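Working notes, beginning with the structure itself.
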Amino acid sequence: MDILTELNPAQKKAVQAINGPVLILAGPGSGKTRVITHRVAYLIRTCKVSPRHIIAVTFTNKAAKEMVERLDKLVPGSVKELTIGTFHAICAKILRIDGKAMGIESNFVIYDDDDQTAIIKRCLQELNLDPKQHAPQAIASAISKAKSTLIQPKDYVKRSRSYFEEVVGRVYERYEQMLRESKALDFDDLLMKTVLLFRKHPEVLARYQERYIHVMVDEFQDTNLVQYELVKQISDKYHNICVVGDPDQSIYSWRSADLRNILSFEHDYPDATLILLEQNYRSTKTILETASNVISANKKRKAKRLWTENDDGERTFVIEAYTEQEEAQFVANEIERLVGRSHFRLGDCAVMYRTNAQSRVLEEAFIRYGIPYRLVAGTRFYERREIKDIVAYFRLVQNPHDSVSLQRIINVPGRGIGQQTIGKLSSWAKSMGVSAYDAMQLIVEAKRNKNIDDQPFDVRSSDALARFSELMDDFVEKSQNANLVELFDMVVEKSGYKQSLKNDPDKDERWENIMELRTVAQQYRDLSPRESLTAFLESVALVSDVDGYDEKLDRVTLITLHQAKGLEFQVVFIVGVEEKLLPHIRSIDDPDQLEEERRLCYVGITRAKQRIYLVHAFRRTFMGTSTVNPPSRFLDDIPKNLVATPGWWRGDEPRVSDAVFSWNRVRVDETESKPKVSTGVPAVDLKAGDHVRHSQFGEGVVVNSKKVNDDSEVTVAFSGQGIKRLLLSLAKLENI
DNA sequence: CGAAAGGCTCTTTTT
DNA sequence: GAGCCTTTCG
């Protein structure tokens, strides 16, 4: 297949502009991914560039994986030598290999936000600062911001201007020290330390410059200052740097992403070739126009002319629901209707929202309707307690100095090592200038030599500590010659974790999760014991939620607007299109942040290929309290001639009085829709203990059943599927 | 030391 | 509403 056919002139130009700096401004759906992959293929196949001289940076691991898959078809056999990954993953690799020059050992662990907060809390305690007055989260984000702009603790302290910054400065210094003691790096460190490494050791940088002759960066609008610096460093010799982005889709400023990077690029590389990708292949004219009208209201932006040859398509549906429950109901109902009557499949539909908290009501509605769905974030897998616990054992095996992991599991499951003992242990260790882990080994030794006075603990505590120390030693020993799965099984068993789950009310779910983690570990069993542990832990630390997202599954996707960037769906519902939610209340009084909210809305709309629904609720329960939110100001910017309401959702004036009855409308006007909603007495009467069969969930046992208006809500425990609540009239349950 | 209960505060978005 | 922390009691 020829690399250049099936590309439009602008795309062709982008693929062929391989020498010197290139800035590609790519509108949504303009074939950006295609351009990047074809450009790499062009370099390899036509220009005979060795794949090992090419580096491509993506925003998520999923994007990297996709690119590898596509390239494997275009240039078979080359992908192994290509460097493709996220900034964080690439930097982690660099530091494992070359970090020693910076005092970073190759077995460093990566601390996530949770670990970071844990450390900060410990700092506050040490510095006698009240965590209630100085929110650890706020301090964490201040430190992160500093690191993203390459400000080190000393500089931060020097330039602190307020009391808060002074506090942050003090914490920052101690925080860095603790990370060093734990031989750990946080996310921002991965980037910052790499830049510092390159600054301090030009000879190391030179190696990377020689290797990566062609540099490409995707989602450039969402890079921060360190990332920009890094890209600049690596490409500083050959200047073959190609960045791709869309300022209108910049939605990560809160993560220190800086739109000015695009401007800086034009400034730093005045000879850069500028390429605009403006033809949209994804959406209908109506969707594109809707989106353009929304984004055009932003003041700080360059006007852009997006166009498409696609059909006009359906109008944009703007819906008012009464509450968030009704909103979810509408979405579920409409999806059922679409899938039943038209060619759309469940997998073609996505529901997007501003905050994760909004997903719950949607989930409940889908469960009641019996519609299979997939939640992209939710309670994130790697943030679950049982997963973090098990992972902490592995981290400790890899790096015994990891104090956060030690604190986490030293008494999980309970083995008689309480707060008192832990406190005593760390101060004793500190007084001797060793890590807590080393201190515990001293206790073991003291016991062996019967020199009990060598350590300050009573028999009970010292026994417990010694036993834990020996346990960990066993794991470390195992890790040196057994494969990862064997180690996994040993850890789960011998740590007592498996046993301790027996009393856990969520034991089944937790156990399933642990087994899922085991499958992840299995993927690394071909590597050597040492390598597999490092690779496993690194993948665990750097995954994102979208990475696990599999579009082939035929299920409705529930996803945040942020995560949806880069994805596309036939049908998109954006819910909660209200003031205080989109735009979010915390962005409303800052003009810049407000513009970002608008971009977020724009990203959401432009995900849609065929149909877009913008749904808002008149009344919404926030944190216990019910509030009335006006429709989002963004809706005002959509021309009325583009907007419609689905036929069955009548209500030309969908105001309160009307909306109250809309619930009934869903049922009454539903005649043409596939599922007939019965309002009478359910055909079967189910009670606890009955065995039932469900088309999706299989067989299960009724746990509870209660009357809801004219219907019954039945709670059923399905084998292997967990407990679901279903509406009897909708869920087509069969009594067996 | 650990389990249980009650009280508190936030919840935007995430590599 | 939930997760986290503190308090209380055995």
Side-chain angles (χ1 to χ4, degrees), chain A residues 57-64 85-92 110-114 116-118 121 125 130-133 135-138 140-141 144 147-148 185-191 219 222-224 226-227 250-257 352-361 376-377 379-380 382-385 411-423 458 460-461 464 500 503-505 538-547 559-565 576 580-588 590 593 596-597 599-601 603-604 621-625:
Chain A
V57 187
T58 58
F59 194 68
T60 60
N61 296 301
K62 177 174 181 280
T86 62
F87 274 107
H88 292 87
I90 290 170
C91 287
I110 299 169
Y111 276 178
D112 66 15
D113 293 7
D114 266 12
Q116 219 175 334
T117 321
K121 278 183 189 153
Q125 216 168 15
D130 181 5
K132 287 201 179 97
Q133 239 161 24
Q137 299 258 5
S141 97
S144 169
K147 290 190 174 185
S148 305
L185 299 180
D186 64 23
F187 283 138
D188 300 303
D189 280 338
L190 294 174
L191 310 173
E219 306 285 6
D222 284 320
T223 53
N224 62 30
V226 206
Q227 291 166 335
S250 160
I251 52 175
Y252 283 92
S253 74
W254 50 274
R255 221 172 74 187
S256 306
M352 302 178 184
Y353 35 83
R354 178 67 236 264
T355 66
N356 279 307
Q358 289 169 260
S359 67
R360 185 211 225 95
V361 199
V376 175
T379 39
R380 301 190 195 96
Y382 288 100
E383 279 171 28
R384 310 192 89 114
R385 198 177 72 211
N411 200 34
V412 172
R415 40 176 80 91
I417 305 173
Q419 273 314 305
Q420 296 293 321
T421 312
I422 294 174
D458 58 53
R460 233 172 73 151
S461 309
S500 75
N503 315 316
D504 197 308
E538 192 147 308
S539 75
V540 166
L542 299 178
V543 278
S544 66
D545 293 308
V546 274
D547 292 343
I559 192 169
T560 66
L561 286 164
H562 281 88
Q563 293 172 324
K565 191 178 70 164
K580 297 183 206 170
L581 212 48
L582 186 66
H584 193 270
I585 186 151
R586 295 180 66 144
S587 304
I588 263 169
D590 177 337
Q593 288 198 54
E596 183 150 318
E597 297 287 315
R599 292 195 291 268
L600 199 50
C601 186
V603 166
T621 314
F622 220 30
M623 287 172 255
T625 38

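Just so it is clear, the model here is predicted, and its values are computed rather than measured. Every chain is numbered from 1 and lettered A, B, ... according to where its sequence line falls, protein lines coming before strand lines.
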Now, which nucleotide makes the Watson-Crick or G-U wobble pair with B/dT13, with each of the two distances under 3.5 Å?
-> none
Tell me what A/N61 touches on the nucleic acid: a base, only sugar-phosphate, or nothing, going by heavy atoms under 4.0 Å.
-> nothing
Spacing between A/D114 atom CG and C/dG3 atom P, to the nearest angstrom = 12 Å
Check every strand shown and say whether A/Y252 touches a base, only sugar-phosphate, or nothing at a heavy-atom separation below 4.0 Å.
-> sugar-phosphate
For B/dC1, take OP1 and OP2 only and decide whether either is under 4.0 Å from a side-chain N or O of A/T421.
-> yes
The residue, A/Q593 or A/Q419, whose nearest nucleotide of DNA chain B is more 5′ is A/Q419
What integer distance in Å separates A/I417:CD1 from B/dG2:P?
-> 9 Å
Considering heavy-atom distances to DNA chain B, does A/L542 or A/N411 have its closest nucleotide positioned more toward the 5' end?
-> A/N411
A/D130 has an atom CG; how far is it from atom P of B/dT9, in whole Å?
-> 11 Å
Round to a whole Å and report the spacing from CG of A/N356 to P of B/dT13.
-> 5 Å
Is A/K121 touching bases, backbone alone, or none of the nucleic acid, heavy atoms closer than 4.0 Å?
-> sugar-phosphate
Quick one: A/L190 CG to B/dT14 P, roughly how many Å, whole number?
-> 19 Å
Counting side-chain heavy atoms from CB outward, which of C/dG1, B/dT15, B/dT13 is closest to A/R360?
-> C/dG1
Please report, rounded to the nearest Å, how far the P atom of C/dG3 is from the CZ atom of A/R385.
-> 10 Å
Whole-Å gap separating P (B/dT13) and CD1 (A/I585) | 15 Å
Yes or no on side chain to side chain contact (heavy atoms under 4.5 Å, CB included) for A/I110 and A/H88, after CA distance, side-chain angles and deciding distance?
-> CA-CA 10 Å; A/I110 299 169; A/H88 292 87; over 6 Å; no
From B/dC1, B/dT14, C/dA2, nucleotide with atom closest to A/Q420 side chain | B/dC1
Which of A/I90, A/L185, A/T86 passes side chain to side chain contact (heavy atoms under 4.5 Å, CB included) with A/L190? It is A/L185
Parallel under 30°, tilted from 30 to 60°, perpendicular over 60°: which one fits the rings of A/H562 and A/Y252?
-> perpendicular
Give A/Q563 one of three labels, base, sugar-phosphate or nothing, depending on what nucleic acid heavy atoms sit under 4.0 Å from its own.
-> sugar-phosphate
Please confirm whether the backbone N or O of A/V376 pairs with a side-chain atom of A/Q563, one donor and one acceptor, at under 3.5 Å?
-> no
Under 3.5 Å: donor-acceptor pair, side chain of A/T117, backbone of A/D113 | yes
Separation of B/dT9 atom P from A/F622 atom CZ, nearest Å, is 18 Å
